[in-house]
Amino acid sequence: MKKEALFCDGTEAYVSPPEPEAGDELQLWFRTAAHDVDEVYLENRELCIPMNKVISNKAFDFYEVKYKLEDKPFRYHFKIRSGNEICYYNKWGAESKLVDYYDFKIVPGFTAPDWAKGAVMYQIYTDRFCNGDPDNDVQTGEYFYIGEQVHHVDDWYRDPQPMDVREFYGGDIQGIIDKLDYLHGLGVEVVYCNPLFVSPSNHKYDTQDYDYIDPHVGKIEVDEGRLLDPGENNNIHADRYRTRTTRKENLEASNRLFIKLVEELHKRGMRIIIDGVFNHCGSFNKWLDRELIYESADGYEVGAFVSPKSPYRNYFLFHRTGENEWPGNGSYDGWWGHDTLPKLNYEDSKELEEYVFGIAKKWVSPPYNVDGWRLDVAADLGRSNEYNHEFWKKFRKAVKEANPHALILAEHYGDPSDWLQGDEWDSVMNYDAFMEPITWFLTGMEKHSDEYRGDLLGNADHFMNAMKHHMANMMTPSLQTAMNQLSNHDHSRFLTRTNHKVGRVGQLGSRAAEEGVSLAVMREAIIMQMTWPGAPTLYYGDEAGLCGFTDPDNRRTYPWGREKRDLINFYREMIQIHRKSLALRKGSIKMLKAEPDLLAYGRFWGNEQIVVIINNSDHLKEVRVPVWQAEVAEGHNMARVMYSYEDGYIGEFEEYIVKEGNISLMMGKKSAIVLKNKKW
C-alpha cells in the first residue's frame with residue numbers, strides 16, 4: 001500500500017458541508033494512490049460503512065460516502081485494505097494500529113466566523129503603538145499605583161524600564177486611527193487591541209470600568225483637579241485622575257472615539273477584536289474601589305472594599321466577613337494572590353454574571369459593532385472547572401445571539417479541546433500548535449528566551465510530532481481561526497530569539513536583545529506564519545524589526561521613522577501571497593519531507609497547490625520534494641513566488657520542473673521558498 005498517498009482532513013475539500021447542522025447529510029471523501037487499495041471504510045466504534053470510488057486520475061483515487069449527521073458529536077476515522085494489509089487513517093495520519101484520540105470530529109451546529117479563517121491579524125498594545133492625541137496622556141504624578149506615582153515617558157524611543165507597568169508613552173486610539181492606512185496597506189485584515197477599558201496600568205488587564213473606554217487612550221473633554229504632591233502615596237486626592245476616569249463627559253467621548261475607530265476599520269473592509277478580562281478586575285474597579293476613586297465621585301455606588309452594604313459585595317469573595325472588617329476589607333480573593341487583581345466571584349453573584357454577559361453583548365452590538373472577543377486567562381475563570389465551562393457556554397450564547405459573526409478566541413496554554421467542543425470558544429491563541437514548535441525548530445529557544453535547547457533546534461521529527469498532536473486537539477473551524485503569532489506582549493520578540501541569548505532584560509540589558517539576531521531566520525518564520533493553517537497574527541512592530549526580551553522589554557514603542565523597511569516590505573509581500581490564496585486560507589496541509597534542519601509541506605485546495613520548503617541549516621542543500629503528495633499533477637511545473645536566503649529575498653518568478661512527481665532544487669543556508677502550481 002502506498003501510504004504516503006493516503007489523505008483526508010476536515011477542510012471543505014474532504015467534508016461537505018464543512019460546518020453541518022444536525023440532520024444534514026454529510027459527504028466525506030478519502031484519497032488513495034490510483035488503483036492501489038481494495039476497500040476504504042468510514043469507521044468508528046459504532047459503524048463501519050464501505051466507501052465508493054467516485055473519481056480517478058493518474059495519481060489518485062477518491063472515495064466518497066454519505067452519512068446523515070445526528071444531533072451529537074460525530075467521531076470517525078478510515079480503514080483501508082489492500083490485499084491482506086490493513087491500515088487506519090485519522091488526524092495523526094496512516095497507522096497500522098488505531099489510536100482513538102486522533103479521530104476526526106464534527107460537532108453539529110459548530111461554526112466559526114468565515115471572515116476569521118486565515119485572516120491576517122495585527123495585535124496592538126495601545127500605549128506603545130502611536131500617540132495621536134497628547135492631550136489625553138497620563139501625567140506624571142496623576143495617581144499612585146503599585147508602590148509609586150505614575151510617570152509619563154517623554155522620550156518615545158526610550159526602552160521600557162523594569163517596573164514598566166506604571167510608565168506611559170501616550171499611545172492611544174487616535175494614534176491607531178492615524179495609522180489605519182499604513183495597516184491597510186500592509187495587508188492587515190483584523191486589528192486585535194489589548195484591553196482598552198478604563199484601567200490604571202498601561203497594559204490594562206486590571207479593569208476599572210467595563211462600560212467605558214479609558215479616556216487616557218480615548219478623549220478627555222473635562223480635565224481639572226490637582227496632581228499628587230511629591231511623596232503622596234495614596235489616591236484620596238488624585239483629583240485629576242478622578243475627573244478623567246469618572247466624569248461621564250470623558251467616558252462618553254471616549255466611547256464615541258472608539259465607535260469612530262470601528263467605523264474607520266469597517267470602512268476599509270477591516271475588522272476589530274478587543275480584549276475581555278473577565279476572570280479578575282483591578283483594585284481600582286468601581287465595584288471594589290480600594291483606591292477610593294469613586295467614593296467622592298458623583299453618580300457611583302459605594303464600593304465593596306468600603307462598605308459591607310455595597311451592592312457589589314458579592315462580586316468578590318471576602319474571607320473575613322465581620323462588620324468590623326469594613327471599611328478597608330482587604331481579605332478578598334486575588335488572582336494568583338495579587339490584591340491588585342481581585343478575582344470575580346461569579347458563583348455567589350448572579351447579578352455579576354448577568355452584568356458581564358451584558359458587557360459581552362454590548363460591545364459586539366450597535367453602536368460599537370466589535371467583531372469579536374479575545375478572552376484573557378479564560379480557563380482560570382471561576383472557582384471550579386464545572387462552573388468555568390458553564391460560564392463560557394452562557395457567554396457564547398450571549399455573544400452569538402447579539403452578533404452571530406463575532407469571534408470568541410481565548411488565551412490558553414495546553415490542550416484546549418475541552419473548551420473547543422463547539423459550545424464555548426471558537427478558537428485560541430495558538431501557542432502549542434504554532435508559536436512553540438516553530439520557535440523550537442527555527443531557534444532552539446523557549447518562547448520567553450528562558451531556555452536554549454540545542455536538541456530541538458532543527459529537530460524536524462519533534463516539530464512534526466508536536467504539530468500533529470496539538471493540531472489534532474482542534475476541529476477544523478478552530479484550527480482555521482487560531483491566532484498564529486511569532487511574538488506577543490507576554491513573550492520575547494521572535495527576532496530576539498534568533499540570537500540564542502538566554503535571559504531577561506534585567507540580567508542582560510536591552511541592547512543584548514538586538515545583538516546577533518538573524519533576519520534570515522526571521523524571514524523563514526514569516527514564511528511559515530503566512531503559509532501555515534490559521535490566522536497569521538503580527539505583534540505590532542515585529543514587521544519593523546523590533547527586538548526585546550520578555551515582559552516588559554517586549555513592549556517597546558513602535559519605531560516610527562526608524563523601521564527596517566526591507567522587513568516591512570517582505571511582510572507586505574508575504575501577506576499578499578497569503579491573502580490571494582484560498583489554499584493558504586482554508587486548504588489542506590500535508591508534510592512532504594522532514595529531515596534535520598529541513599521541512600517541506602504542501603497546502604492545496606482544488607486547482608491551487610502551494611509547496612513551502614525551509615532549510616534552517618548553515619549549509620547549502622540539494623533538496624528533492626515529492627510534490628505529487630500535495631496533488632501537483634505531472635506536467636504542472638511549479639513557479640517560485642518567494643525565496644528568502646541569508647542576505648535577502650527574491651520575489652521574482654522562476655520555474656521549477658516537476659519530474660516523476662518530484663521537484664529538485666538547491667536551497668541556500670537559512671533559506672525558505674514558496675512555490676505554486678504554475679497553472680494556478
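- Pairing each heavy atom of L675 with each of R640, the nearest pair is CD2-CA, 3.7 Å.
- With rounding to the nearest 0.5 Å, the separation of SG in C8 from CZ in F62 is 10.5 Å.
- Side-chain contact check for Y102 versus K468: every heavy-atom pair is 4.5 Å or farther apart.
- Looking at D103 and K91, no side-chain N of the basic residue comes within less than 4.0 Å of a carboxylate O on the acidic one, giving no salt bridge.
- The aromatic rings of Y14 and F7 lie perpendicular to each other, with more than 60° between the two planes, well past the 30° mark.
- A salt bridge does not link D566 with K564: none of the charged nitrogens is closer than 4.0 Å to a carboxylate oxygen.
- The shortest heavy-atom contact between M530 and I575 is CE-CG1, 3.7 Å.
- Taking CG from L582 and CD from E608, the interatomic distance works out to 5.0 Å, rounded to the nearest 0.5 Å.
- Y571 places a side-chain heavy atom less than 4.5 Å from the side chain of L538.
- The pair R128-D164 counts as a salt bridge, with a side-chain nitrogen and a carboxylate oxygen less than 4.0 angstrom apart.
- When only modelled atom types and interatomic distance are considered, N484 and Q529 share no side-chain donor-acceptor pair under 3.5 Å.
- Summarising the geometry of P536 relative to G118, their closest heavy-atom pair is CD-O, 3.8 Å, with the distance given to 0.1 Å.
- To the nearest 0.5 Å, atoms OG (S427) and CZ (R374) are separated by 12.5 Å.
- Across D450, D551, D553, a single residue satisfies salt bridge (charged side-chain N to carboxylate O under 4.0 Å, His left out) together with R504, and that is D450.
- Scored by the salt bridge (Lys or Arg N to Asp or Glu O under 4.0 Å) test, D114 finds K117, K586 as partners (sequence neighbours excluded).
- A donor atom on one side chain and an acceptor atom on the other are found under 3.5 Å apart for S588 and T11.
- Two residues are said to be in side-chain contact when any heavy atoms from C-beta on lie closer than 4.5 Å; M445 and H500 meet this criterion.
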Can you list the steps and then say if S487 with N554 is a side chain to side chain contact (heavy atoms under 4.5 Å, CB included)? CA-CA 8 Å; S487 320; N554 54 12; over 6 Å; no
Derivation of the side-chain hydrogen bond (donor to acceptor under 3.5 Å, both in side chains) call for S449 and S492: CA-CA 6 Å; S449 292; S492 60; 2.9 Å; yes
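- Side chain to side chain, H491 and N488 meet the donor-acceptor criterion of an N or O pair below 3.5 Å.
- In this structure, CH2 on W560 lies 6.0 Å from SG on C130, to the nearest 0.5 angstrom.
- Atom CG of residue D275 and atom CD of residue Q123 lie 8.0 Å apart, to the nearest 0.5 angstrom.
- Remark: of the listed residues K58, K590, R31, R31 is the sole one forming a salt bridge (charged side-chain N to carboxylate O under 4.0 Å, His left out) with E631.
- Closest approach of L420 and M475 over heavy atoms only: O-CE, 3.2 Å.
- A cation-pi geometry, defined here as NZ or CZ lying under 6.0 Å from the six-membered ring centre and within 45° of its normal, holds between R562 and Y157.
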Run the side chain to side chain contact (heavy atoms under 4.5 Å, CB included) check on W29 and V15 step by step: do they pass? CA-CA 7 Å; W29 291 273; V15 179; 6.0 Å; no
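- Here D159 does not pair with R555 in a salt bridge; the nearest charged N to carboxylate O distance is not below 4.0 Å.
- Note: H203 NE2 to D127 CG = 11.0 Å, rounded to the nearest 0.5 Å.
- In this structure, the side chains of R268 and L180 come closer than 4.5 Å at one or more pairs of heavy atoms.
- Inspection of the R603 and T531 side chains reveals no N or O donor paired with an N or O acceptor under 3.5 Å.
- Relative to the ring axis of F441, R453 does not place its NZ or CZ within 45° and under 6.0 Å from the centre.
- Ring-plane geometry between Y125 and H489 is classed as tilted, the angle between the planes lying from 30 to 60 degrees on a 0 to 90 degree scale.
- Between the side chains of Y101 and N473, at least one donor N or O sits under 3.5 Å from an acceptor N or O.
- A salt bridge links K669 to E646: one of the charged nitrogens lies within less than 4.0 Å of a carboxylate oxygen.
- By the 30° and 60° cut-offs, the orientation of the rings of F129 relative to Y558 is perpendicular.
- In this model, no donor atom of one side chain and acceptor atom of the other lie less than 3.5 Å apart for D426 and T481.
- A donor-acceptor contact closer than 3.5 angstrom is absent between the side chains of N569 and Y649.
- By the 30° and 60° cut-offs, the orientation of the rings of W156 relative to Y169 is perpendicular.
- Outside the 6.0 Å centre-distance limit, the rings of W92 and H469 are not counted as a close aromatic pair.
- Annotation for D415 and D432: closest pair N-OD2, 4.5 Å, computed over non-hydrogen atoms.
- Residue M642 is tested with E652, K676, E573, R523 for a side-chain contact (heavy atoms from CB on, under 4.5 Å); the sole match is E573.
- Y122 places no side-chain N or O within donor-acceptor distance of the main-chain N or O of C193, the cut-off being under 3.5 Å.
- The side-chain heavy atoms of V37 and Y63, taken from C-beta on, include a pair separated by under 4.5 Å.
- V517 and C547 make their closest contact through CG1-SG, 4.2 Å (heavy atoms, listed as atom of the first residue, atom of the second, distance).
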Would E543 and R565 count as a salt bridge (charged side-chain N to carboxylate O under 4.0 Å, His left out) here? Give the steps. CA-CA 9 Å; E543 79 277 18; R565 300 303 311 180; over 6 Å; no
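- Using a 30° and 60° split on the angle between ring planes, Y88 and H77 fall in the perpendicular class, above 60°.
- For the residue pair N616 and D597, no side-chain donor N or O sits within less than 3.5 Å of a side-chain acceptor on the partner.
- Side chains of L567 and I526 form a contact here, defined as non-hydrogen atoms less than 4.5 Å apart.
- The pair R624-E622 does not count as a salt bridge, with every side-chain nitrogen at least 4.0 angstrom from each carboxylate oxygen.
- Ion pair E515/R511 not flagged as a salt bridge, since none of the NZ, NE, NH1 or NH2 atoms sits closer than 4.0 Å to an Asp/Glu carboxylate oxygen.
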Check the pair W532 / F463 against ring pair (Phe, Tyr, Trp, His ring centres under 6.0 Å), numbers first and verdict last. CA-CA 13 Å; W532 200 261; F463 172 87; 5.7 Å; yes
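- With a 6.0 Å radius and a threshold of 12 heavy atoms from other residues, nucleotides or ligands, I650 has its CD1 atom above the threshold.
- At least one side-chain heavy atom of F494 sits under 4.5 Å from a side-chain heavy atom of T439.
- For E660, the CD atom sits in a loose shell: 12 or fewer heavy atoms of surrounding residues, nucleotides or ligands are nearer than 6.0 Å.
- Contact annotation: the side chain of I613 approaches that of V623 to within less than 4.5 Å [non-hydrogen atoms, C-beta and beyond].
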